**Student:** 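Provided herewith is a single structure, encoded as structure tokens, for subsequent inquiry.
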Amino acid sequence: MGKTLFEKVWDNHIVDTVDGGQEILFIDRHFIHEVTSPQAFDGIRKRGIGLYDKHRIVATADHNVPTKDQHLPIKDELSRLQVDMLTHNCEEFDIDLYGLGHKNQGIVHVIGPELGVTKPGMTIVCGDSHTSTHGAFGAVAFGIGTSQVEQVMATQCLLVQRPKTMRITIDGELGRGIFSKDIILYIISKLSTSGGTGHFVEYAGSAIRSLSMEARMTICNMSIEMGARGGMIAPDETTFEYIKGREYAPSGQQWEEALAYWSTLYTDEDAVFDKEYVFNAEDIEPMITYGTNPGMGMGITQHIPTTQEVERPDNLLQSLQYMGLTPGASLLNTPIDHVFIGSCTNSRIEDLRIVADYVKGKKKADNVQAFIVPGSKQVEAQAKAEGLHDILFEAGFELRGPGCSACLGMNEDKIPKMEYCVSTSNRNYEGRQGPGARTLLVSPLTAAVIAVEGKVVDPRKYLNEEALA
Amino acid sequence: MEKFSTLLSPAIPLIQENVDTDQIIPARYLKATSREGFGEHLFKDWRFDEQGHPKSDFILNNPEYSGSILVAGENFGCGSSREHAAWALVDYGFKAVVSSYFADIFKGNALNNGLLPVQVSPGSLKELLAEVQSNPMTLIEIDLEAQLLRVPEIGIQEHFEINPYKKTCLINGYDDIDFLLSQKEKISAFEQKHIEF
């Protein structure tokens, strides 16, 4: 029997199998950031052991950093302490750090791929659940807790139970104004926030193959939002083209050898998955969430479910009470207070281009505060070079420095209580963007159109014939 | 890590489903650089109002309920990988969480901190929640060695699954890192022949 893409990569990293079926999995790359690493460094110190291999670790500061005045000392004392501690730990253990102000600094899941650190066939971990992003390159990438961060630092391995496999196939062509963010929000709305638990997902089908790397990353990024351990896409010409020439990409003879190996990373025809789902791209509308988990999403022209339409009406009512919304209602024309474009889901150059393309020559609505937080210093620099910054600035968007920002509100970028934020991020949990904040998850295009209109609208009605085809 | 054998305790019922780690501990409390003290912020926004006063309608603030077992709705611990969620539950005094489903990363984090995730059937969970809600003094027994959850009052005796290796770790208070460190030779030998680009 053939192997799935996941099995090929996973099996290639098994050091040993121990009692009870746990496997010792070798980890090729370990990304760390300021929030989930301090206790791990502490553990290494207390045990009096060193790192297994400092060259396999890449560090950046992202979760806690301010997005304004990044050149000044961080005002929040606890945030500053955490960021300083990362710097100190990286100095002590001699780890490459892309700290605040460095030209490569940014959200860990944005900088890994853009530097060419993320490559097909690798195992990649980070103390962050959105590590699944890197699966877009055909890597086995997943989030871990801090105890595991310490394990990887000390031994370059994890003791893990092999997940089950799932394939989600999306065939067909996406309609105009519909993007990869809509695909993944659609899938999660069908499978629920726990539908992928215990599984590693492979995304396949013609609609996935036609996507750019940025768009594929958006999909893999949100695998965790359906509970999946990770998500991946078989590498192809699009992948190789993206990697070629990047700072840590192989070159010369090594590039040829890498290509030969990477080209073997696909699911064999006779491989069997534990679970399979098939969806049609034509069924997907621009998506928006109405509730307090990413599974509570719908097509933007649809209605919020009624209490009769759900299994647990009490959960629906609790969510809608928090959101200030009514069962059975439409979200269309709901006034919006904030538009946030950013996060490891949608802060890459392509996302900024989509927003800039739409808002060029337009103005954001007066009732909306719109801000854009690029995923990295490199994205920021490229956006400036392409003139996107000027377009966005003239449209009334506030442009910030890179970081995780209002996706999780660890820094000062918080959405005020009871205000609505249309957001390109990944989680609409209660309080995620600030205590009492109400989050509606959408694609960058939908966010751009809503920023201009000041209320929830169907973005397809605002597109010119020639635009965004 | 503290050793775990048998637990006999009343339980606190948290009926919400899909409790995510942002509710267990909101991101703004992740700024500490040690593992201690997170219990204070457990379920912060459900437990306290903006002035920091306890909200009387939240279960942890109801003096009738106590104990070191949390019985929670399906899919507990979804979302972020923050181990701070497990640290907060342990620091608050919980030793086990019972639910019909756990998110993967949370489950791993819990096990790495001596907090036992006990997965029961949806039917049993429903019965358990109802019993604990109406009779706060009902004792729940969790026997890790026998992998059994017992509530004699309502005739529940349910087997739960746990990886045998993880079970040994919990019973003896070992963590994975000790084991992995003992495997370093094998790891180095693997790395010698491991091809990567």
Side-chain angles (χ1 to χ4, degrees), chain A residues 13 15-16 18-22 24 26 28 35-36 38-39 42-43 49 64 78-79 81-82 85 119 121-122 127-129 143-148 150-151 154-157 159 161 163 193-194 197-198 227 229 250 254 257-258 261-262 293 312 315 318 408-410 427 429-432 435, chain B residues 15-18 20-23 26-28 30-35 44-46 50 73-75 78-87 101-106 108-110 112-113 163-168 175-181 183-184 186-191 194-197:
Chain A
H13 291 84
V15 175
D16 201 4
V18 299
D19 291 349
Q22 299 251 109
I24 301 175
F26 189 82
D28 294 320
V35 177
T36 56
Q39 295 87 352
D42 220 27
I49 52 177
N64 228 333
L78 291 172
S79 298
L81 185 72
Q82 219 171 33
M85 187 161 281
K119 289 182 276 276
M122 276 185 166
D128 187 280
S129 61
I144 55 176
T146 298
S147 296
Q148 293 175 306
E150 187 181 335
Q151 287 164 31
T155 69
Q156 210 54 46
C157 284
L159 200 54
Q161 193 73 35
T193 190
S194 60
T197 304
R229 208 64 188 83
Q254 244 207 340
E257 287 171 23
Y261 171 56
W262 295 345
N293 73 53
R312 285 285 304 264
N315 283 341
Q318 194 190 351
L408 83 168
M410 266 197 89
R427 287 184 176 140
Y429 297 145
E430 284 184 30
R432 172 80 179 179
Chain B
I15 59 166
Q16 280 90 342
E17 292 188 344
N18 302 317
D20 57 79
T21 51
D22 274 84
Q23 304 319 314
R28 59 188 190 280
L30 305 184
K31 298 183 185 186
T33 50
S34 76
R35 290 174 191 241
K44 189 77 171 199
D45 294 336
W46 285 352
E50 282 156 85
E74 184 170 271
N75 194 30
C78 58
S80 152
S81 64
R82 60 189 71 161
E83 195 160 314
H84 311 67
W87 297 336
Y101 212 70
F102 291 95
D104 293 325
I105 305 180
F106 173 79
N109 288 340
N112 282 334
N113 287 280
N163 178 282
Y165 166 81
K166 280 292 176 191
K167 181 175 164 178
T168 312
D175 57 19
D176 287 352
I177 199 162
D178 296 325
F179 174 76
L180 286 171
L181 283 168
Q183 303 294 305
K184 260 193 155 169
K186 258 185 210 165
I187 296 169
S188 302
F190 171 87
E191 197 184 12
H194 178 56
I195 298 166
E196 61 176 305
F197 295 97

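Just so it is clear: chains get the letters A, B, ... in the order the sequence lines come, proteins before strands, and each one is counted from 1. Values in this document were obtained by computation on a predicted structure and should not be read as measured data. Note: hydrogens, waters and symmetry copies are ignored here, and every other heavy atom, side chains too, is used.
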**Student:** Identify which of B:Asp20, B:Ile105, B:Leu30 forms the greatest number of heavy-atom pairs closer than 4.5 Å to chain A.
**Tutor:**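 It is B:Asp20.
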
**Student:** Supply the atom-to-atom distance A:Thr146 OG1 to B:Arg35 CZ, rounded to the nearest 0.5 angstrom.
**Tutor:**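 These two atoms lie 6.5 Å from each other.
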
**Student:** Where on A:Met410 is there a heavy atom nearer than 4.5 Å to chain B: the side chain, the backbone, both, or neither?
**Tutor:**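 A:Met410 touches chain B through backbone and side-chain heavy atoms alike.
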
**Student:** Keeping the roles fixed (side chain from B:Asp104, backbone from A:Thr197), state whether a donor-acceptor pair exists under 3.5 Å.
**Tutor:**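 Side chain of B:Asp104 to backbone of A:Thr197, a donor-acceptor pair under 3.5 Å: no, none is there.
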
**Student:** For a side-chain contact (heavy atoms from CB on, under 4.5 Å) check, start with the C-alpha distance between B:Glu191 and A:Gln156, then their side-chain angles and the critical distance, and finish with the verdict.
**Tutor:** CA-CA 10 Å; B:Glu191 197 184 12; A:Gln156 210 54 46; 5.5 Å; no

**Student:** For chain B, find which of A:Gly43, A:Gly227, A:Cys157 contributes the most heavy-atom pairs closer than 4.5 angstrom.
**Tutor:**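 The answer is A:Cys157.
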
**Student:** Work out which heavy atom in B:Glu17 is nearest to a heavy atom in A:Asn315; give both atom names and the distance.
**Tutor:**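 Smallest interatomic distance, heavy atoms only, reads OE1-ND2, 3.0 Å.
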
**Student:** Against chain A, work out which of B:His84, B:Glu196, B:Lys186, B:Lys166 has the most heavy-atom pairs shorter than 4.5 Å and name it.
**Tutor:**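 Highest number of pairs under 4.5 Å: B:Glu196.
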
**Student:** Between B:Glu83 (side chain) and A:Ser147 (backbone), is there a donor-acceptor pair under 3.5 Å?
**Tutor:**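 Flag set: sc B:Glu83 to bb A:Ser147 pair under 3.5 Å.
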
**Student:** Check each atom of A:Glu257 against the heavy atoms of chain B and say whether the ones under 4.5 Å are side chain, backbone, both or neither.
**Tutor:**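 Contact with chain B involves both backbone and side-chain atoms of A:Glu257.
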
**Student:** Distance check, rounded to the nearest 0.5 Å: B:Asp22 atom CG versus A:Arg427 atom CZ?
**Tutor:**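 The CG atom of B:Asp22 sits 6.5 Å away from the CZ atom of A:Arg427.
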
**Student:** Should B:Ile177 and A:Glu150 count as side-chain neighbours, where that means a heavy-atom distance under 4.5 Å?
**Tutor:**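 Heavy-atom side-chain distance check passes, below 4.5 Å.
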
**Student:** I'd like to know which of B:Gly108, B:Gly79, B:Ser188 tops the heavy-atom pair count under 4.5 Å against chain A.
**Tutor:**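 Ranked by heavy-atom pairs under 4.5 Å with chain A, first place is B:Gly79.
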
**Student:** Please test A:Gln22 against B:Asn163 for side-chain contact (heavy atoms from CB on, under 4.5 Å), starting from the C-alpha separation and ending with a verdict.
**Tutor:** CA-CA 8 Å; A:Gln22 299 251 109; B:Asn163 178 282; 3.4 Å; yes

**Student:** Once the angle between the rings of B:Phe197 and A:Trp262 is folded into 0 to 90°, is it parallel (under 30°), tilted (30 to 60°) or perpendicular (over 60°)?
**Tutor:**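 Rings of B:Phe197 and A:Trp262: perpendicular, over 60°.
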
**Student:** Is the backbone N or O of B:Gln23 less than 3.5 Å from a side-chain atom of A:Glu430, with the two atoms forming a donor-acceptor pair by type?
**Tutor:**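 No.
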
**Student:** Take the angle between the ring planes of B:Phe190 and A:Phe26 and call it parallel below 30°, perpendicular above 60°, tilted in between.
**Tutor:**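 Correct class here is tilted.
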
**Student:** Tell me, out of A:Gly431, A:Gly198, A:Pro250, who's got the most heavy-atom pairs with chain B below 4.5 Å.
**Tutor:**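 Heavy-atom pairs under 4.5 Å are most numerous for A:Gly198.
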
**Student:** Taking all heavy atoms of A:Ser129 and all of B:Ser80, pick out the closest pair and write down the distance.
**Tutor:**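 Residues A:Ser129 and B:Ser80, closest heavy atoms: OG-CA, 3.6 Å.
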
**Student:** Pick one of side chain, backbone, both or neither for B:Thr33, based on which atoms fall under 4.5 Å of a heavy atom in chain A.
**Tutor:**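 Contact with chain A is through both the backbone and side chain of B:Thr33.
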
**Student:** Looking at A:Gly21, A:Gly145, A:Gly143, which one has more heavy-atom pairs under 4.5 Å with chain B than the rest?
**Tutor:**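 Most heavy-atom pairs under 4.5 Å with chain B: A:Gly145.
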
**Student:** Tell me which of these, A:Pro38, A:Gly127, A:Ala258, A:Gly121, has more heavy-atom pairs under 4.5 Å with chain B than the rest.
**Tutor:**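 Looking at each of A:Pro38, A:Gly127, A:Ala258, A:Gly121 in turn, A:Ala258 comes out on top.
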
**Student:** State, yes or no, whether a side-chain contact exists between B:Asp175 and A:Gln151 at a heavy-atom distance under 4.5 Å.
**Tutor:**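 No, their side chains stay 4.5 Å or more apart.
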
**Student:** Give the member of B:Leu181, B:Thr168, B:Asp45 that has the highest number of heavy-atom pairs under 4.5 Å with chain A.
**Tutor:**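 Heavy-atom pairs under 4.5 Å are most numerous for B:Leu181.
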
**Student:** Which one wins on heavy-atom pair count under 4.5 Å against chain A: B:Glu74, B:Arg28, B:His194?
**Tutor:**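 Max contact count across the listed options: B:His194.
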
**Student:** Can you list the residues that meet the side chain to side chain donor-acceptor pair (under 3.5 Å) rule with A:Asn293, with sequence neighbours excluded?
**Tutor:**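 Checked A:Asn293 against side chain to side chain donor-acceptor pair (under 3.5 Å); zero matches.
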
**Student:** Taking all non-hydrogen atoms of both residues into account, name the closest pair between B:Lys31 and A:Asn64 and its distance.
**Tutor:**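 Nearest heavy atoms, B:Lys31 then A:Asn64: CE-OD1, 3.5 Å.
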
**Student:** Sort out for me which of B:Ala32, B:Gly73, B:Pro26 touches chain A most, counting heavy-atom pairs under 4.5 Å.
**Tutor:**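 Among B:Ala32, B:Gly73, B:Pro26, the one with the most close pairs to chain A is B:Ala32.
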
**Student:** Report which part of B:Phe179 has an atom under 4.5 Å of a heavy atom belonging to chain A: side chain, backbone, both, or neither.
**Tutor:**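 Only the side chain of B:Phe179 comes within 4.5 Å of chain A.
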
**Student:** On a heavy-atom basis, which atom in B:Ile15 and which in A:Arg312 lie closest, and how many Å separate them?
**Tutor:**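 Shortest heavy-atom contact: O-NH2, 3.7 Å.
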
**Student:** Do B:Glu50 side-chain atoms and A:Pro435 backbone N/O form a donor-acceptor pair below 3.5 Å?
**Tutor:**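 Judged by distance alone, no pair lies under 3.5 Å.
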
**Student:** To the closest 0.5 Å, what do you measure between CG (A:Leu159) and CG (B:Asp176)?
**Tutor:**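 So the gap between those two atoms works out to 5.0 Å.
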
**Student:** Find out whether A:Val15 and B:Gln183 are in side-chain contact, i.e. whether some heavy atom of one side chain is under 4.5 Å from a heavy atom of the other.
**Tutor:**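 Result no, sub-4.5 Å side-chain heavy-atom pair not found.
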
**Student:** Distance check, rounded to the nearest 0.5 Å: A:Leu408 atom CG versus B:Arg82 atom CZ?
**Tutor:**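 With rounding to 0.5 Å, CG (A:Leu408) is 6.5 Å from CZ (B:Arg82).
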
